[in-house]
There are 2 protein chains.
Amino acid sequence: MARRVSLKDVATAAGVSPTTASRVLSGVDRNVAPELAERVQAATVELGYRVNAAARALRLQTTGSIALVVPSVANPYYAELVASYSRHLDAEGRRVVTFDTNDSVESERRQLADMDRVMVDAVLIAPVDHEGSAPAIAALAATHAVVQVDRIAAGVDAPAVRLDNAAGIRLLVEHLREGGRERIVLVDAEPRSSASRERAEAFREVAGLGCTVLQMPTFSMHSGTEAARILRESADMPDAVICTADVVSLGLLTAFQHAGLRVPQDIALATFDGTALSGVTSPGLTTLDSVVDEIVRASLEIVDGTRTTGLLVTPRVLVRESTGH
Amino acid sequence: MARRVSLKDVATAAGVSPTTASRVLSGVDRNVAPELAERVQAATVELGYRVNAAARALRLQTTGSIALVVPSVANPYYAELVASYSRHLDAEGRRVVTFDTNDSVESERRQLADMDRVMVDAVLIAPVDHEGSAPAIAALAATHAVVQVDRIAAGVDAPAVRLDNAAGIRLLVEHLREGGRERIVLVDAEPRSSASRERAEAFREVAGLGCTVLQMPTFSMHSGTEAARILRESADMPDAVICTADVVSLGLLTAFQHAGLRVPQDIALATFDGTALSGVTSPGLTTLDSVVDEIVRASLEIVDGTRTTGLLVTPRVLVRESTGH
DNA sequence: CTGAAAGCGCTTACAG
DNA sequence: CTGAAAGCGCTTACAG
């Protein structure tokens, strides 16, 4: 790869000024003689010219790129979030660049501090830890356009778009009770995120005696199989489980089935994210319907300035076989 | 957000030249009087200065960022690939920006054409389609540093780092035969990628009568449950299945267990990627050991110029309970 | 040890 | 319709 071809090279080859070449290629100013335009196009192809992103961004003061910072792209919920942003932005020639904080406050801090090195117009972030994530996000928000998605960090002055987790818990508990389930366990991650905290609090309020919260280290299939083991070894098995991440539900389900437990006959299982995963297991999993598209839409409106306030999305239950009455 | 604070603002506030301010902040030239350095640091904090990525990249002609273009971050195999690149690059102050082509040649083409708009030093790509992906990748390779990872596109002149898929198939078939399995089915995606083709070809060569290939549209849990349904409805059930993606294996496993089939007693199951997923199911899945780290290491060496040729990684079998003899 | 000046590669207001 | 010139915000070779 020799020195990269610049716009000047193209202009020289086409026998026009860089101004004219730029006008042709950026497609902004259509007032160029057709013949010149053609020569510029030809030279572009001939030389294999590609615009320099840094120069363009420096001049335009905008990049068309948005950063999305999530705890784990391996979590299907966040994978679907990424995919939805891609779809929405692709359609208008913009793009999302994804950063995985690996569920680590330290990694998140490092990557946010490093955000200067990436050209983005805004940063969308799902904070790892309600308190621990706050300083780095607040610092970033002082100089960048920041929107909190799915979760919030304590006291950060940036709009937030997320699910009403407490309402979600109340809806699922209600649904399970209507099916006659009384001994419900909530399986969640350790309450580091705002979302986990809100759910645990709501669950403790609404669930009565015999309802407990089981907190696993992370959202993973492994947490699901571990939770299944713990539940089966406990003195009194619950008659229903709510898992707050589809990937955890999956681990629970395979472990239950491996142990010969029938879902929903022996134990009901409800999940939370509503990713595609929840619909393709056997049996299908009752879940809160996915709000990924609402989150994406509202957060992009904030980025684009057509919306100024955050949004708390109200959940709905999507009933499938796993909680069959 | 008012006008962004520039280096010049910091310099003015600190009463030094932009040259000196730059020397302090870029940390390159330590020959600055301690007192001046201190004033610059103070002004930086005071004003909330953050370097402009575009200006820096334009001047330095390098960004420290690498693009990784994968078919689906929702696939745990690619999620682990992303995570591994992040780990390796983070350690040296560089970063990976991830692009999801959504298993679509059209989306891949669009995003590669759009790569000009993102500042990256190199592009690592796992092509969606052996033939269909070739033109866009070849065009990109003419102007960018490109490395093909995990898969290749036909006739593209860019180094490739990937698993020896044929060898992997041969090893797994051999392992299953040693356990007395004779009627083996290979469950793979439609042979659009180079990897799927290599596997199908190797399987047809090594597997005998009664061994068939079942090709599903995509790598997903849903493909796994569908495959299970198809196999159970077929006239003669196999006694072993090789799934070429862990996420497909997972779908198969839950569907088998839901149907009351025991793994491995009734049917053996081997998988391919060796992601964390394969180790946390019940039973654990026999798999090829993960080669993600080898792929990451070699591909980064190529990017950094300490390696010039591609690499075909030789697989190893990791035996777990799902193929128990 | 410090700073004035050049230049990375674009785009666009301005003059013609 | 076209082009010369300015300037986006940095970094560094050069001169002092």
Side-chain angles (χ1 to χ4, degrees), chain A residues 1-40 43-44 47-65 115-121 143-144, chain B residues 1-41 43-44 47-65 116-121 143-144:
Chain A
M1 226 148 313
R3 189 179 68 78
R4 252 185 82 158
V5 177
S6 77
L7 185 66
K8 213 165 125 193
D9 299 325
V10 172
T12 304
V16 300
S17 71
T19 307
T20 298
S22 174
R23 279 202 267 257
V24 172
L25 296 181
S26 64
V28 147
D29 184 346
R30 297 284 63 207
N31 289 337
V32 175
E35 199 215 314
L36 295 195
E38 223 158 87
R39 290 207 320 251
V40 170
T44 300
L47 301 179
Y49 170 71
R50 296 203 155 217
V51 69
N52 179 306
R56 187 168 208 278
L58 177 59
R59 172 66 224 229
L60 259 34
Q61 303 286 46
T62 179
T63 67
S65 300
M115 202 51 76
D116 294 336
R117 297 288 149 96
V118 186
M119 302 190 314
V120 291
D121 296 332
T143 54
H144 289 64
Chain B
M1 226 145 315
R3 188 179 69 76
R4 253 186 79 159
V5 177
S6 76
L7 185 66
K8 211 165 125 192
D9 300 325
V10 172
T12 304
V16 299
S17 71
T19 306
T20 297
S22 174
R23 279 203 266 256
V24 173
L25 295 181
S26 63
V28 148
D29 184 347
R30 297 283 64 203
N31 288 338
V32 176
E35 198 214 316
L36 294 196
E38 222 158 87
R39 287 200 331 243
V40 170
Q41 297 288 11
T44 300
L47 301 179
Y49 169 72
R50 296 204 156 216
V51 69
N52 180 308
R56 187 166 210 279
L58 178 59
R59 173 65 224 231
L60 259 36
Q61 302 286 49
T62 179
T63 67
S65 300
D116 294 336
R117 297 289 149 95
V118 186
M119 302 190 314
V120 290
D121 296 332
T143 56
H144 288 64

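Protein chains get the first letters and strands the later ones, always in sequence-line order, with residue 1 at the start of each. Values below: all heavy atoms of this structure, side chains included; hydrogens, waters and symmetry mates excluded.
Within the shown strands, D:dT2 is the pairing partner of C:dA15 under the Watson-Crick or G-U definition, both distances less than 3.5 Å.
Among the nucleotides D:dA4, D:dC1, C:dG9, the one closest to the side chain of A:S6 is C:dG9. Here the nucleotide nearest the side chain of B:S17, chosen from C:dA4, D:dC10, D:dA6, is C:dA4. Residue B:A55 has its side chain nearest to D:dG9 when only D:dG9, D:dG3, D:dT11 are considered. Looking at the side chain of A:R56, the nearest of the listed nucleotides C:dC10, D:dT11, D:dT2 is C:dC10. For B:N31, the listed nucleotide lying nearest its side chain is C:dC1; candidates were D:dC1, C:dT2, C:dC1. Here D:dT11 is the nucleotide among D:dG9, C:dT2, D:dT11 with the atom lying nearest to any side-chain atom of B:S22. The side chain of A:T19 sits closest to C:dT12 out of C:dT12, C:dG9, C:dG3. Among the nucleotides D:dT2, D:dG7, D:dC10, the one closest to the side chain of A:R59 is D:dG7.
When the P atom of D:dG9 is taken as reference, atom CE of B:M119 falls 15 Å away, rounded to whole Å. Here C:dA5 presents its P atom at 13 Å from NZ of B:K8, a figure rounded to the nearest Å.
Residues B:L25 and B:V51 are not in side-chain contact: their nearest non-hydrogen atoms beyond the backbone lie 4.5 Å or more apart. Here the side chains of B:R23 and B:N31 are not in contact, with every heavy-atom distance at 4.5 Å or above.
Judged by distance alone, with hydrogens and angles left aside, B:R23 brings a side-chain donor or acceptor within reach of the base of C:dG3, the pair sitting under 3.5 Å.
Residue A:N52 places no side-chain N or O under 4.0 Å from the OP1 or OP2 atom of C:dC10. At the phosphate of D:dG9, OP1 or OP2 sits under 4.0 Å from a side-chain N or O atom of A:Q61.
When all heavy atoms are compared, the tightest approach of B:A54 to B:M119 is CA-SD, 4.0 Å. Taking both residues in full, the closest heavy atoms of B:T143 and A:G48 are given as CG2-O, 3.2 Å, listed atom of the first, atom of the second, then distance.
Mapped onto DNA chain C by nearest heavy atom, B:L36 and B:L58 fall at different nucleotides, with B:L36 at the one closer to the 5' end.
Rounded to whole Å, the separation between the C1' atoms of D:dG16 and D:dT12 comes to 16 Å.
If you run side-chain contact (heavy atoms from CB on, under 4.5 Å) between B:V40 and each of B:V24, B:L7, B:V32, only B:V24 comes through.
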